[in-house]
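Naming: A, B, ... by sequence-line order, numbering from 1 per chain.
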Number of protein chains: 2
Amino acid sequence: MMELTRKGEYAIRGIVYLAGKPIDKVCLLSDIAAAVDVPPTFLAKIFQQFSKMGLVKSFRGTGGGFMLGRAPENITLLEVVEAVEGPIIPNRCVVTPSDCGRSDFCNVHPVWKRVQGGVRGVLEGVTLKELSAGK
Amino acid sequence: MMELTRKGEYAIRGIVYLAGKPIDKVCLLSDIAAAVDVPPTFLAKIFQQFSKMGLVKSFRGTGGGFMLGRAPENITLLEVVEAVEGPIIPNRCVVTPSDCGRSDFCNVHPVWKRVQGGVRGVLEGVTLKELSAGK
DNA sequence: CACTAAAAAGACTTTTTCTATCTTTTTAGG
DNA sequence: CCTAAAAAGATAGAAAAAGTCTTTTTAGTG
Ligand code: SF4
Ligand code: SF4
């Protein structure tokens, strides 16, 4: 249960790598993929998502590539994970209680809310800056 | 990410139902399934797992059925979830760091440990007794 | 003992999600 | 115009989830 997918893992590796570079350095996707050991075509898809959400900036054509969209201390792990995995939802009823007719009287329901809050709290407390810091 | 499967959801519903009955009451699987709105054949598989782990006791043949294996105040939600979903593992490296050659110097790795601890903590703090309590 | 009720066990199917690749298009620099 | 690089979209294979069906074992009952 609760397992991060490969996509999520790859996404983190890729963007943490970027965060470890000078903020304005433009990196080739192929270089990033090689450095973090991820299939380049897969990482391309991931970075496209990042780009749409502004987490990274992309440049096409010759001399193109990717750089971080904001300062690494202003990007949390939560944002990165949710960008590619979607929101943190331990159980469907957390987002749509109406799905389950029991949510009104269900004592389990609030537990999932707490789990959600806990996980989000942990991930929100970590920035790319910290993650990329050497050692 | 982190979504409980149907199996997990069904498992909780089923065992919480049992927890709401007198401890020594034997319930038919078909009755439980109807009461908690779960496909009976699917719930059967789930309860077989519970039975192997001692979370419920089963009785075959005429007059058979299921009852709770222990007092509901001694069964935590964590046990129930892990019984059917397996251990809470936010990322594979939490259980086998060797899978990923980066675990030694990776700053993300410890975050997943914290997530794991947080989720386990929440689920461990909830017992079937509380979950089955009316209101 | 024969009959019936009920769970256990195992095989199997269908659907969905994940993982990954390939091709074509757009953009930009030289 | 040519080349480099990302964007977009289609597709395919593998794995996991969700659910069903059949057969077997166990146990009570007349
Ligand atoms: S039964 Fe409770 S925990 Fe399960 S889906 Fe419904 S509201 Fe959520
Ligand atoms: S890179 Fe870090 S977080 Fe990702 S699998 Fe390896 S050790 Fe775990």
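Nearest-nucleotide positions on DNA chain C for A:P39 and A:E85 put A:E85 closer to the 5' end.
The distance from atom CD of A:Q48 to atom P of C:dA20 is 16 Å, rounded to the nearest whole Å. Rounded to whole Å, the distance from CD1 on A:I89 to P on C:dT17 is 13 Å. B:R92 places its CZ atom 11 Å from the C1' atom of C:dT19, with the value rounded to the nearest Å. Here C:dT17 presents its C1' atom at 17 Å from NZ of A:K45, a figure rounded to the nearest Å. The distance between atom CG of A:L43 and atom P of C:dT21, rounded to the nearest whole Å, is 12 Å.
Within 4.0 Å of B:K52, counting heavy atoms only, lie sugar-phosphate atoms of the nucleic acid but no base atom. Using a 4.0 Å heavy-atom cutoff across all strands shown, A:S51 reaches sugar-phosphate atoms only and no base atom.
Against DNA chain D, the stretch residues 4-29 of chain A makes heavy-atom approaches under 4.0 Å through A:L28, A:L29. Within a heavy-atom distance below 4.0 Å of DNA chain D, the residues of residues 59-66 of chain B found are B:R60, B:G61, B:T62.
Inter-residue side-chain proximity for B:P72 and B:L18 is flagged as unmet; no heavy-atom pair is nearer than 4.5 Å. The side-chain heavy atoms of B:K57 and B:F66, taken from C-beta on, include no pair separated by under 4.5 Å. B:L128 is not listed as a side-chain neighbour of B:E73, based on a closest heavy-atom distance of 4.5 Å or more. Side-chain atoms of A:I75 and A:T127, non-hydrogen and from C-beta on, never get closer than 4.5 Å to each other. The side-chain heavy atoms of B:T5 and A:M1, taken from C-beta on, include no pair separated by under 4.5 Å. When side chains are defined from C-beta on, B:W112 counts as touching A:L123, because their heavy atoms get closer than 4.5 Å. Here the side chains of A:R6 and B:R92 are in contact, with some heavy-atom distance below 4.5 Å.
Cluster membership check: A:Y17 shares its hydrophobic cluster with A:L4, using side-chain heavy-atom separations under 4.5 Å among Ile, Leu, Val, Met, Phe, Trp and Tyr.
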> Do A:E9 and B:R102 pass the salt bridge (charged side-chain N to carboxylate O under 4.0 Å, His left out) test, and can you show the C-alpha distance, the side-chain angles, and the key distance before you say yes or no?
Replying inline: CA-CA 12 Å; A:E9 166 65 21; B:R102 312 162 164 273; over 6 Å; no
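Checking side-chain atoms of A:Q116 against main-chain N and O of A:V94 turns up no donor-acceptor pair under 3.5 Å.
Nearest heavy atoms, B:E124 versus B:T76: O-CG2, 3.5 Å.
On the nucleic acid side, DNA chain D contacts chain B at distances under 4.0 Å to non-hydrogen atoms, with the end points of that region at D:dA18 to D:dG28.
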